[in-house]
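The structure appears right after this line, and notes come after that.
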Amino acid sequence: MKTLKNTLRRGALALAAALLPLGAVHAQAPVPDAGTALAQAPRLYQQHCASCHGEQRTGLMGPALLPESLARIRAPEVLRVIREGRQATQMGGFADQLSDAEMQTLADWVRTPVVPAPRWEEADIRASRESTPLPAGEPATPLWQADPMNLFVVVEAGDHHVTLLDGDTFEPITRFQSRFALHGGPKFTPDGRYVFFGSRDGWITKYDLYRLRVVAEVRAGLNMRNVAVSGDGRWVIAANYLPHTLALFDADLNLVKTYDATTLDGKASSRVSAVYDATPRHSFIVALKDIPEVWEISYDEKAEPIYDGLVHDYKMGEGIARPGYLNVRRTPLQDPLDDFFFDQPYRHVLGATRPAKGSQAASAQVVNLDARVKVADLPIAGMPHLGSGITFAWNGTTVLASPNLGGGAIDVIDMKTWKTVRTIPTPGPGFFMRSHEDTPYAWTDSMMSPSARDTLTVIDKRTLEPVAQVREPGKTLAHIEFTRDGRYALASVSEADGALIVYDAGTFKEVKRLPMNKPVGKYNVWNKITRSEGTSH
Ligand code: DHE
């Protein structure tokens, strides 16, 4: 029987952390060898792992160990962490306690589904919430001296930390531990004071940037994609892969309601790919992975009622409808769409269709959210990652420029005609493209390319020509974000001994370098809350 101390030392199978190779592809589930070894797995798991990862593998002080959570981690890495542990966490190695065969058995088994599937219901969400409101009498003023509109939040994936950076001096203000494996952009309240982080394990953290503390946390799901904050700051919503739900909260992370991601007849359900705030429409837009519908959930109290053919609990005149406020309005599609991108007024959503198995031939479609119909097919060469694109004025029109994950190119699309106006070659496929209203250049990475992941390409938005490259030879150089005034571009060297590099956005020269542990995304308060056309919202 292990002592509690030993249990804790062994604890927190912070398994996935180190392992998240940027841009990793989904690993194959291992094939169990004859089943005999796997039969021992539940006993081994309960004995060695459950105290930190939960009896149902849904996570406790350590992250969830579900196929959904481990899909991005290569199988040998899972084994390595069980064997050696993970530095700077409570996850110690098990090499001195378990045989090679037992460790392999555990590594294989945690990639198999939990049967019956773990549940996460409204009562679980409510019970998970913790809050530490500001002590009475504490002033609501920043604890630091800096421009509150030019702060950066930088996510360091290596050891699950967040650095808060002064965007004028590029000096860190604080660095704090985050939940395990944050994903998607953190979202700010409209005044820029609070920021909400979402973790792949389902946790939402509300952090007070002024008083430098976590004020509330809640677990919205077991495997979450992202969070969105309403333009009026009143609502926070989370998109889950597991369970198939959306969870809506008030601004203090009290659960308001959950939405089952099912078709109208309830016969099919879907993973929720992502949820986006559409401030000009006063609504959230929802991308569903498995069913051909796009959802809109209005947070406008005067929203039109929804007539969807089913009898619900709200009577409007002679018909029977549901209020439009905080309910789902469905737009049927031909194919499931995800990876959304919006035009600036949020009238149109551009979504990517997934390629058929074994094919690279993804495509994208444009749906008019008012008319609720598809209005165009977009000819995009490879798998697009539209959420990482930008818009800007060009040649009397507005264009969308987006990297595609399939090939080394940027697709530039006229948003009036929905035709491709240029395909700009880059040295390799990339994830992110960023710019700013006050710079003539757009920057993009090639982080998915083994040979060019160390290169950022700078494109002149006037000519649509590449004009420069910056490199960190042999490293992964990715994800750019500009200062509030567009004068500096910040990029990540996404390695464990990585760095945040500040470039002069006009000369492309490095002006500062801060060591960081696998930094990924960085987010400027002003650019986000003003919905700059050069960044994600
Ligand atoms: Fe992301 C944003 C989907 C893999 C880092 N990513 C998003 C968003 C979506 C998305 C839908 C927009 C939501 C938002 O910001 O609220 N990402 C996906 C995938 O489907 C994909 C390809 C596979 C997956 O397993 O999820 C994927 N993403 C990755 C990575 O491998 C990255 C590089 C490393 C990581 O941390 O997982 C990664 N994704 C990011 C970042 C953002 C993001 C940094 C926010 C960008 C921004 O500037 O707003």
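Ligands are counted one by one from 1 in listed order, and the atoms in each one are counted from 1 as well.
Checked by distance only, ligand 1 and His479 come closer than 3.5 Å through their nitrogen or oxygen atoms. Where the criterion is an N or O separation shorter than 3.5 Å, residue side chain and backbone included, Ser536 meets it with respect to ligand 1. Where the criterion is an N or O separation shorter than 3.5 Å, residue side chain and backbone included, Arg225 meets it with respect to ligand 1. Between Gly185 and ligand 1, a contact under 3.5 Å exists for at least one N or O pair. Looking at Tyr523 next to ligand 1, no N or O pair under 3.5 Å apart turns up. Below 3.5 Å of separation, one finds no N or O of Ser273 facing any N or O of ligand 1.
Within 6.0 Å of CZ on Arg487 lie no more than 12 heavy atoms contributed by other residues, nucleotides or ligands. Atom CZ of Arg347 has 12 or fewer neighbouring heavy atoms from other residues, nucleotides or ligands inside a 6.0 Å radius.
Using a 3.5 Å distance cut-off with no hydrogens or angles, the side chains of Thr279 and Asp277 do pair a donor with an acceptor. Looking only at atom types and distance, the side chain of Asp300 has no donor-acceptor partner in the side chain of Ser298 under 3.5 Å away.
Taking a 4.0 Å cut-off on heavy atoms, Arg200 registers as neighbouring ligand 1. Residue contact check for ligand 1: Phe340 places no non-hydrogen atom closer than 4.0 Å to it.
Under a 4.0 Å criterion applied to the non-hydrogen atoms of Phe432, ligand 1 contributes the atoms 5 (C), 40 (C), 41 (C), 44 (C), 46 (C). Proximity to Arg434 (heavy-atom distance under 4.0 Å) selects the following atoms of ligand 1: 46 (C), 47 (C), 48 (O), 49 (O). Listed by number with element, the atoms of ligand 1 under 4.0 angstrom from any heavy atom of Ala274 are 11 (C). Within ligand 1, counting atoms from 1 as listed, the ones closer than 4.0 Å to a heavy atom of Lys187 are 14 (C), 15 (O), 16 (O). Here is the list of ligand 1 atoms found below 4.0 Å of a heavy atom in Tyr276: 11 (C).
Residues meeting the ring-ring contact (aromatic ring centres under 6.0 Å, His included) test with Phe170, sequence neighbours left out: Tyr488.
For the atom pair CZ (Arg271) and CD (Glu68), the distance works out to 9.0 Å, reported to the nearest 0.5 Å.
Looking at Lys522 and Glu481, no side-chain N of the basic residue comes within less than 4.0 Å of a carboxylate O on the acidic one, giving no salt bridge.
When atom 1 (Fe) of ligand 1 is compared with the N/O/S atoms of His183, atom NE2 turns out nearest.
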Review item, side-chain donor-acceptor pairs of residues 231-239, under 3.5 Å, at least two apart:
from, atom 1, to, atom 2, distance (Å)
Asp232, OD1, Ser230, OG, 2.5
Asp232, OD1, Arg234, N, 3.0
Arg234, NH1, Glu301, OE2, 3.0

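The aromatic rings of Tyr503 and Trp443 sit tilted relative to each other, their planes meeting at an angle between 30° and 60°.
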